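Values below: every heavy atom of this structure, side chains too, minus hydrogens, waters and symmetry copies. Everything numeric in this text was worked out from a predicted model, so none of it was measured.
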Amino acid sequence: MADYRLSAQIIKRSEGKSAIASAAYRSASRLYDERTGEAHDYGRKAGVIHCEIITPDNSPEWMHDRAQLWNAVEAVERRGDAQLAREIQLSLPHELDREQRLELARGFVQEQFVNQGMIADVAIHEPSGHGGDDRNHHAHVMLTMRELTSDGFGKKNRDWNSPDNLTNWREQWAHHQNRQLERHGHQARVDHRSYEAQGVDREPTQHLGPTANDMEKKGKRSRIGDENRERQERNQLRAQMYAEQFAVQQEISLRQSNFEKWKDRKQQELEAALDLQGLDLSQKHDRRRGNLERELADTYGTPKATIKAELETIERKLQAKGVRKILRDVFGKTRHDSTHREDLAATLRSMEQRENEQRNKLERHINLEKKRHNERMDGLRAKSNTSIERRKEQLKGRAKAERSATPTTAPFIDRAKSAAPDFKRANDNAPQTPNKARTEAKAKSRPPVPNKSPAPSQRENLAPPEPSDRLSLDERKQINDTRLDGEKKPPKPWQRELGTNDNKRPWTRERGEGIERKPKSPRGGGKNTPS
């Protein structure tokens with residue numbers, strides 16, 4: 001991961017620093033200070049892979065010479081507390097190769113400093129390889145602080161000291177790095193903003209500097225190194241806690257996703273089952289309608305066909321004309337057929353009414369079954385929704401419990417941050433105590449253990465608890481004693497064998513009774529040995 005760094009400092013004469021010495025050290029060269037008469041030789045310094053001086057257009061040629069440039073700076077500054085030069089330190093991305101890093105540094109220095117009228121002395125350093133960070137590619141840029149004139153250096157440009165300039169340089173340095181990384185196909189990116197501005201819960205580490213860096217390389221602990229290690233430990237703890245929170249959130253999201261899939265599947269299965277039941281019910285109703293129509297046809301089909309045929313015959317007769325109609329009228333056939341036609345029509349209407357009644361009765365029954373089926377389906381949907389909501393609430397409760405059980409970084413980190421230095425100083429200053437004293441201190445620091453055994457008055461009033469596999473030994477003894485109160489205690493082993501305790505103990509028997517004693521052995525050789 002690319003690391004961002006742009007730091008600025010002023011090389012001041014009041015701090016005992018020299019522009020000549022600083023340039024010689026950063027460029028690993030030998031430079032002679034004309035003001036003091038000292039020679040600063042750092043030609044044996046390793047790790048400097050490139051040095052160059054970049055000047056604005058139309059600048060004198062002698063300004064490309066490092067010794068002449070910085071001796072001129074020293075000469076123009078006459079105050080004892082003069083500000084000689086500004087130094088910018090840049091971290092170069094280790095993802096890029098040497099030429100790409102050089103191109104990046106040149107482009108940034110030219111755009112942000114040289115084009116503004118400054119002269120830049122650029123020195124690129126690579127990692128030392130002696131126990132340090134092998135990704136520590138960086139550049140030192142020494143900048144002049146006075147404007148250029150035809151004679152050399154003029155007045156100091158106070159606008160270059162503006163804090164807004166530094167903010168802009170930091171932002172532009174991040175943009176230059178990201179463009180170069182993207183151009184060469186790297187996924188790494190840098191950000192010039194602080195962790196707090198980025199919304200990242202992380203403590204920044206401090207730059208070691210040459211003194212602390214040398215101490216750490218030699219195996220000695222430095223203040224900045226100790227603080228960085230403490231911050232790294234807290235950052236690791238933060239990362240671990242956030243990883244746990246992320247894992248919990250991932251698990252919650254996975255369960256939520258599985259729940260949504262289960263919910264959709266269950267609803268689809270329910271709707272499919274309900275649709276199948278509705279289809280079965282519809283087929284059942286169709287069969288019942290067909291059966292009814294067949295029954296009606298069997299019952300009323302032939303009579304209705306006969307009546308209709310008779311009505312057609314009567315209608316033909318009534319439509320007779322001429323002599324035939326006169327004869328029918330004379331003999332009363334017309335009136336008789338009309339009356340008979342009305343009777344047949346009434347009978348036919350009665351049959352059709354009975355058919356319609358049976359059809360209406362069947363439809364009412366079908367509609368009732370449909371209504372019950374719809375109510376049952378609504379009940380099943382409501383029950384399914386209730387089950388889904390119950391499971392959803394359970395998932396929410398479980399997620400809430402898991403989130404509350406997941407450690408949060410802020411309280412712990414702030415407490416550790418405020419307590420860690422004091423704790424360290426206390427441990428460093430505290431004398432070593434013997435083991436006995438340390439044990440006593442631990443014993444005093446422990447809270448007193450409360451006495452769980454009841455008082456005698458309370459013990460007498462205790463009721464025997466119910467037997468359980470989880471009771472303690474004292475409670476089990478108390479249960480046995482309570483059960484045997486007023487009863488005969490179990491016999492001893494010798495009493496179980498004989499049923500009585502008549503056998504006297506050997507030490508209670510009278511002499512001459514019980515066991516027959518044998519005379520003493522003649523091997524004793526004592527006074528009582530028989531002759």
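Annotation: the span from Q172 atom CD to E111 atom CD amounts to 6.0 Å, rounded to 0.5 Å. With values rounded to the nearest 0.5 angstrom, E103 atom CD is found 9.5 Å from D97 atom CG. For the atom pair CD1 (I88) and CZ (R170), the distance works out to 10.5 Å, reported to the nearest 0.5 Å. How far CD1 of I124 is from CD of E126: 10.5 Å, rounded to the nearest 0.5 Å. The distance from atom CD of E402 to atom OG of S404, rounded to the nearest 0.5 Å, is 9.0 Å. In this structure, the separation between CD1 on I53 and CE on M142 is 9.5 Å, given to the nearest 0.5 Å.
Side-chain contact check for E87 versus Q89: some heavy-atom pair is nearer than 4.5 Å. Side-chain contact between R5 and L90 is absent, with no heavy atoms from C-beta onward closer than 4.5 Å. Residues L84 and K17 have side chains not in contact (no heavy-atom distance under 4.5 Å, counting atoms from C-beta outward). In this structure the side chain of N168 never reaches within 4.5 angstrom of the side chain of D164, judged on heavy atoms. Under the 4.5 Å side-chain criterion, counting only non-hydrogen atoms from C-beta, Q116 is not in contact with F113. Residues H373 and E369 are not in side-chain contact: their nearest non-hydrogen atoms beyond the backbone lie 4.5 Å or more apart. Contact annotation: the side chain of L181 approaches that of P93 to within less than 4.5 Å [non-hydrogen atoms, C-beta and beyond]. Inter-residue side-chain proximity for R223 and E227 is flagged as met; some heavy-atom pair is nearer than 4.5 Å.
In this structure, K156 does not pair ionically with E147, as no charged nitrogen and carboxylate oxygen lie closer than 4.0 Å.
Across A120 and V141, no two heavy atoms sit closer than the pair CB-CG1, 4.0 Å. Here the closest non-hydrogen pair linking C51 and S27 is SG-CA, 3.5 Å. Here the closest heavy-atom approach between residue L92 and residue W173 is recorded as CD2-CH2, 3.7 Å. Contact between N136 and P127 at its shortest, heavy atoms only, is N-CG, 3.5 Å. For the pair H176 and G107, the tightest heavy-atom approach, listed with the atom from each and the gap, is NE2-O, 4.1 Å. Across all non-hydrogen atoms, the minimal contact from N178 to V190 is OD1-N, 2.9 Å.
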- Item | Step-by-step side chain to side chain contact (heavy atoms under 4.5 Å, CB included) determination, K12 to D81 | CA-CA 7 Å; K12 304 175 182 179; D81 58 349; over 6 Å; no
- Query: Would R183 and R179 satisfy side chain to side chain contact (heavy atoms under 4.5 Å, CB included), going step by step from the backbone distance to the final call?
  - Reply: CA-CA 6 Å; R183 175 184 173 188; R179 283 199 301 266; over 6 Å; no
- Would you sort out whether E95 and Q187 count as a side chain to side chain contact (heavy atoms under 4.5 Å, CB included), showing the intermediate values? CA-CA 10 Å; E95 289 86 355; Q187 298 295 329; over 6 Å; no
- Walk me through it: do H50 and E52 pass the test side chain to side chain donor-acceptor pair (under 3.5 Å)? CA-CA 7 Å; H50 179 80; E52 66 175 306; 2.9 Å; yes
- Message: Using the rule given for side chain to side chain contact (heavy atoms under 4.5 Å, CB included), can you reason through R98 versus H137, listing the C-alpha separation, both sets of side-chain angles and the distance that settles it, and then say yes or no?
- Response: CA-CA 9 Å; R98 178 179 295 187; H137 299 273; over 6 Å; no
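The number of heavy atoms from other shown groups lying within 6.0 Å of CD (E375) is above 12. Shown here is R229, whose CZ atom has more than 12 heavy atoms of other residues, nucleotides or ligands within 6.0 Å. For K45, the NZ atom sits in a packed shell: over 12 heavy atoms of surrounding residues, nucleotides or ligands are nearer than 6.0 Å. Surrounding CG of N58 are at most 12 heavy atoms belonging to other residues, nucleotides or ligands under 6.0 Å away.
Within the 3.5 Å criterion, the main-chain N or O of D159 finds no donor-acceptor partner in the side chain of S162. Checking side-chain atoms of R146 against main-chain N and O of G154 turns up a donor-acceptor pair under 3.5 Å. Using modelled atom types, one side-chain atom of N258 and one backbone atom of L254 make a donor-acceptor pair closer than 3.5 Å. Judged by distance alone, with hydrogens and angles left aside, the side-chain atoms of N157 form no donor-acceptor pair with the main-chain N or O of M145 at under 3.5 Å.
You'll find the ring centres of H125 and H138 inside the 6.0 Å limit. Ring centroid separation for the pair W169 and F108 does not come in under the 6.0 Å cut-off.
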Exercise answer: donor-acceptor pairs, residues 61-74 side-chain atoms, under 3.5 Å, sequence neighbours excluded:
unit_1 : atom_1 : unit_2 : atom_2 : d
H64    : ND1    : E61    : O      : 3.4
H64    : NE2    : T55    : OG1    : 3.0
D65    : OD2    : A67    : N      : 3.2
D65    : OD2    : Q68    : N      : 2.9
R66    : NE     : D121   : OD1    : 3.2
R66    : NE     : D121   : OD2    : 2.9
R66    : NH2    : D121   : OD1    : 3.0
W70    : NE1    : D121   : OD2    : 3.1
N71    : OD1    : E34    : N      : 3.0
N71    : ND2    : Y32    : O      : 3.1
N71    : ND2    : A67    : O      : 2.8
E74    : OE1    : R13    : NH2    : 2.7
E74    : OE1    : R35    : NE     : 3.3
E74    : OE2    : S18    : OG     : 3.3
E74    : OE2    : A19    : N      : 2.7

Can you give me every donor-acceptor pair (side chain of residues 262-281, partner residue at least two apart or in another chain, under 3.5 Å) with its distance?
unit_1 : atom_1 : unit_2 : atom_2 : d
K266   : NZ     : S387   : OG     : 3.2
E271   : OE1    : R381   : NH2    : 3.2
E271   : OE2    : R381   : NE     : 2.8

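Every pair passing ring pair (Phe, Tyr, Trp, His ring centres under 6.0 Å) that includes a residue from residues 7-29 is listed here, sequence neighbours excluded: Y25-Y42.
Side-chain N/O atoms of T36 and D33 include a donor and acceptor closer than 3.5 Å. A donor-acceptor pair shorter than 3.5 Å can be found between the side chains of E260 and Q256.
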